[in-house]
Amino acid sequence: MSSNQPAPTHYVAPLEETPLVAVDAVNVGERKSNLWIDAWRDMRRRPMFWISAVIIILVIIVALFPTLFTSVPPNDDCQLSNSNGGPSGEHLLGFTKQGCDVFSRLIHGTSTSLTVGIIVTILTTVLGILFGAFAGFYGGWLDAILSRAGDIFFSIPYILAAVVIMSVFSAYRNVFVISLAIGIFAWPATARVLRAEILRVKNADYVMAARATGVSNFRILLRHVLPNAIAPVIVVTTISLGAAIVAEATLSFLGVGLPNSTMSWGNDISAAQVDLRTAPQTLIYPSLALSITVLAFIMMGEVIRDALDPKARAQR
Amino acid sequence: MSDPTTTAGAVRPLLEIKNLEVGFQTTDGIVPAVRGVDLTLMPGQTLAIVGESGSGKSTTAHAIINLLPGPGRITGGSILFDGEDLTKYSPKKMEEVRGRQIGFVPQDPMSNLNPVWSVGFQVEETIRANGIASGRKEVRAHAIQVLKEAGLADADKRLKQFPHQFSGGMRQRVLIGIGLSSRPKLLIADEPTSALDVTVQRRILDHLETLTRDIGTAVLFITHDLGLAAERAEQLVVMYKGKIVEAGPSKDILQNPVHPYTQRLVAAAPSLASRRIISATQQSATHSLGDLAYAPTTVTDGLDLIAAAEERIEHQPAVKRPDAIVVKDLTKVYKIRGQGKGSSGELIASDKVSFAVEKGTTTALVGESGSGKSTVAKMILRLEDPTSGSILIDGEDVAPLKGRALLSLRRRMQPVFQDPYGSLDPLRNIGNTIAEPLQVHKVGDRTERRDRVLELLDQVALPQSLITRYPNELSGGQRQRVAIARALALKPDIVVLDEAVSALDVLVQAQILKLLADLQSELELTYLFITHDLAVVRVIADNVCVMQKGRIVEAATTDQVFDSPQEQYTKELLNAIPGAGITLGV
Amino acid sequence: MAGYILRRLLQAIPVLLGTTFLIYFMVFAMPGDPLLALFGDKTPNPALLEQLRQQYHLDQPFIVQYFLYLGGIFRGDFGTSFSGEPVADILARTFPVTIRLAIMALIIEFVGGVLIGLVSGLRKGKLFDASALVVSLIFISLPIFVIAFVAQFIFGIQLGWARTTVSTGAPIQDLILPAFVLASITFAQLIRLTRASVIETQSLDFVRTAYSKGLSRRRIIPVHILRNSLIPVVTYAATDFGVLLVGATVTEGIFNVPGVGRTLYQAIIRGEGPTVVSFVTVMVLIYLVVNLVVDLLYGLLDPRIRYVK
């Protein structure tokens, strides 16, 4: 070095100001913490979680016990003289074209939407987990076959597929058939998400360690890989419950959903469209019920997504 | 070296940081990361900030050019660059300083180039932004020149290529070229080579040193490796928990560490320890740090690598014991599926590898990335099937074992893997994690297993209360302890340590190495120690096999390898241990 | 790049065979007379039934039927509609209208969605971001036909700004409202996706390095942040197109836009099974082609995909 620079001094901080801490001391907090515990702690603090939880619980109660909410029977004593009438007395939201009580139909239609949503979700989740888990975990030719199958199902937009199925099964239109028609083409989304996640998880060192201990492949999948890969599936599942409800309504709206005799929001909206000018309330209320229910599920999915992503949590 | 000053003593510091405070805004208020840092860097000088992760060394560096991540804020103090306070600069003015007057070389070459733009594009935009050249041709010519300087001989041909077509070392050269493209007065190098293989690391640092000396650029060098820092910088600043604990000339600090934390670091740094061990065994003054007066103090207790190594040597039995592992002509060939036609080929990850490990000893398998060392480990663990060759464990060929026999082999041999964040299942508590091998092998009943887990926690010096806790409540070192406890649960004879300490901070690393040594003498364990870090090998291993491109190029006792390496490659690896170039001999 | 295109094209073949087979299977492998099932409670006239029987080769074994049907598709023969008009002719008439609508919707969706998503991501946690998130959530929850009716009601009936149904010839000004409705369903997803992508990209190392090189924020945002954020957005756009196809069916139906969607919509409403099948097949083929194009585009956007070692 050149000599004209000031000779640097050797500085040592006073020990009082920089006390030493034991190397790598165990410092365990009061509360336990893992992904799920932390996620729950995080969700609990967020109003969006509580709002959507309350709506979802309310929808479930309405679906199970409709008579708690309305004493007016939805289909009986419909009088054409009340056609498209406004609210009066115990008929809170007015009447449909057939002169039926809008509110009562709304309440009684809830279970249809919810049932379809739940069946479709169970179906897509079970199929999605089976396909996604086996494809991702075992890889090789099994993955090639399962993934190609998924690609094929994924390449037909599920509502279009459901339209075809419902056209073929026009004689058997009921809640189960429509759920099958939607679910059978909606699962690849779940499978893809799970497969990607499993590909990430299965190379973790703890999987290797379990294998080196002699844990069988299937048990590794069940006990280590799947639990660690399932988080995004839960998000997709919650959101897809909402999407399935929309799908049912769309099919009913197109006239290939449930028969008119079945009470459903989609049918009510479909029936009300001709009177958009004269009686918008017959259209707006079922639409509102549908949208709020779907919103609740989608919001719940978003809250779970945020809570399960430690990176996003840290950034907030 | 050119001297820019006119009169002696009138040199103004290039960079003068005064009482710098940096904090991170969180929901619970501001968490301080840097607490009152002072440092001075003269023009043309090189200063290294050394510290562990979380010491605030990188935060200090980023604060200088105002590149703190999102919630980071400078909360106090000043940063005088050429006499001007950078903390008072507007964002616009700061843009002009960055790149033009202060260059920056980031840590990880893999993530610091934008993958969607060609390398040429990324160099050219720097040149344009800093007004070094204008006009398409001039900019291009300049970009080629910059890259050539950085050591990319065929720069003109590679300008159009994308980052993923470059090796890690090449990318780091590009980043160095970018950082120095406008001949800045100061270059901040934030762990510029810690993601690279040691030999590449050495070449790149040598090149960086030459370049900055020629240009006359001052360098602020951030590193976690004390040996590297001392080798590359005249001035050292040691940081600990956001504060400077010791600062001064590198040689001074290494020879005479005063602060107990610095003493700990000096005692625990494998790169330094490996050199001192040489001098301890050979009493030779020719080795670089051989003349250092070394007095272990109580603060380094349990962290002192030399003491640990000496202790290990003492415990070595004189008589030869039977071999626990014998590997013969072990070969693994991977078929690479070709993209497009005719490009499929074979990758020989392990090429006729043969070695033996004596019972109760440690053999290190050393090599850089892609050398095949991990493949060999996985074949021995029977996680990969060998293409050919044999593996004898206690004289029994285990390569063909299946089912029950394989299960009982697994009981005798357990692994510990590298990544402390991936080695434990995040959703299972510590107790269940350690007990899993016992469950799988149906050892004992529930209470017996619990007792064994508690005993194991004691053995790895973790509190028993952790049994119901989850991995993310633990530090990296603690997780590795849990992984070791899990590996020991079945009382195996052999433990395969695959880079088990590589990801840890030096002090924690020293602690774990000590633990491993203690466990070995207590339980008569045989270790196969896979690592890229030759320095660590010196401390822990009895024998060394050096691997390169799937072959073992040199195999000998640790002392032989360090004292009289036979192969050129081994010599290169030895030379690449940071600190090799320090000539502090009086 | 040529290798990449070739690979993509080859990969598309099994999917093409698979999807057409699946549709065909759903319709014609069912027990009973598939044609009668397709007509539901309608009684088709015997002549048409006979013609359809011929068209679908129902006298042949199932697998032969499928290949004959597939051969037809390749020759551009999608069968005959209920009214006796060849589907190919209907397509020629209606396709341009749908393309016009789709392009308008895509422009609205991408310009709006990406812009709002970008600003939202850059100003994470600020008022703009919070409101964009809430509004997009609401739009995601609204079924397309609800949006269509609300738009019709507010802009068509209450405000009178737009026609509630499109006039013949489908002039651009009439298509504005339907295009907005069509865009709205995927628009919200696009905002959220772009936002997430921008936030993610912003925290990547190379962005910090770009700042350290002395680049200005004005350059870094488009060149380094937006450019990289677009990669997942474009991938999403392919999947998204399926939603758009269904949306087009509903929107064209409600606004009476004389496009492919309305034809399908009317066939569904009227229960004209065979026509439904033909048009769904056409839409799935369009979807496949779009997916392929997006895949190729993806190769352009991401050099790591393009040059495989």
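What you are looking at is a predicted structure, and each value in this text was computed from that prediction instead of being measured. Sequence lines set the chain letters: A, B, ... in the order given, protein chains first and strands last, and positions in each chain run from 1.
- If you take CG on N114(B) and CG on N228(C), they are separated by 4.0 Å, rounding to the nearest 0.5 Å.
- Looking at residues two or more places apart in sequence or on another chain, you find no side chain to side chain donor-acceptor pair (under 3.5 Å) involving S184(C).
- With sequence neighbours left out, the side chain to side chain donor-acceptor pair (under 3.5 Å) criterion links T209(C) to N112(B).
- The distance from the CD1 atom of I65(B) to the OH atom of Y211(C) is 13.0 Å, given to the nearest 0.5 Å.
- If you measure heavy-atom distances from L204(C) to chain B, you find no contacts under 4.5 Å at all.
- Listed by sequence position, E95(B), R98(B) are the residues of residues 86-98 of chain B in contact with chain C, using a 4.5 angstrom heavy-atom cutoff.
- A heavy-atom distance below 4.5 Å is not found between the side chains of F104(B) and K213(C).
- The closest side-chain heavy-atom distance from R227(C) to W117(B) is below 4.5 Å.
- Remark: F121(B) CZ is packed, more than 12 non-hydrogen atoms of other residues, nucleotides or ligands lying under 6.0 Å away.
- Within a 6.0 Å radius of CZ in F24(B), more than 12 heavy atoms belonging to other residues, nucleotides or ligands are found.
- No part of Q101(B) comes within reach of chain C, as not one of its non-hydrogen atoms sits under 4.5 angstrom from that chain.
- Neither the backbone nor the side chain of V207(C) comes within less than 4.5 Å of any heavy atom of chain B.
- Residues E125(B) and H224(C) bring a donor and an acceptor atom of their side chains to less than 3.5 Å of each other.
- Only the side chain of I231(C) comes within contact range of chain B, with at least one heavy atom under 4.5 Å from a heavy atom of that chain.
- Environment of CZ in F187(C): crowded, with over 12 heavy atoms of neighbouring residues, nucleotides or ligands closer than 6.0 Å.
- Between F162(B) and D302(C), the closest side-chain pair of non-hydrogen atoms is not below 4.5 Å.
- Going from atom CZ of R208(C) over to atom CG of D190(B) covers 6.5 Å, rounded to the nearest 0.5 Å.
- Within 6.0 Å of the CZ atom in R123(C), the count of heavy atoms belonging to other residues, nucleotides or ligands does not exceed 12.
- In this structure, P303(C) and P115(B) approach most closely via the heavy-atom pair CG-O, 3.1 Å.
- In this structure, G214(C) and N130(B) approach most closely via the heavy-atom pair CA-OD1, 4.2 Å.
- Proximity to chain C among residues 170-187 of chain B is limited to L175(B), I178(B), judged by heavy-atom separations below 4.5 angstrom.
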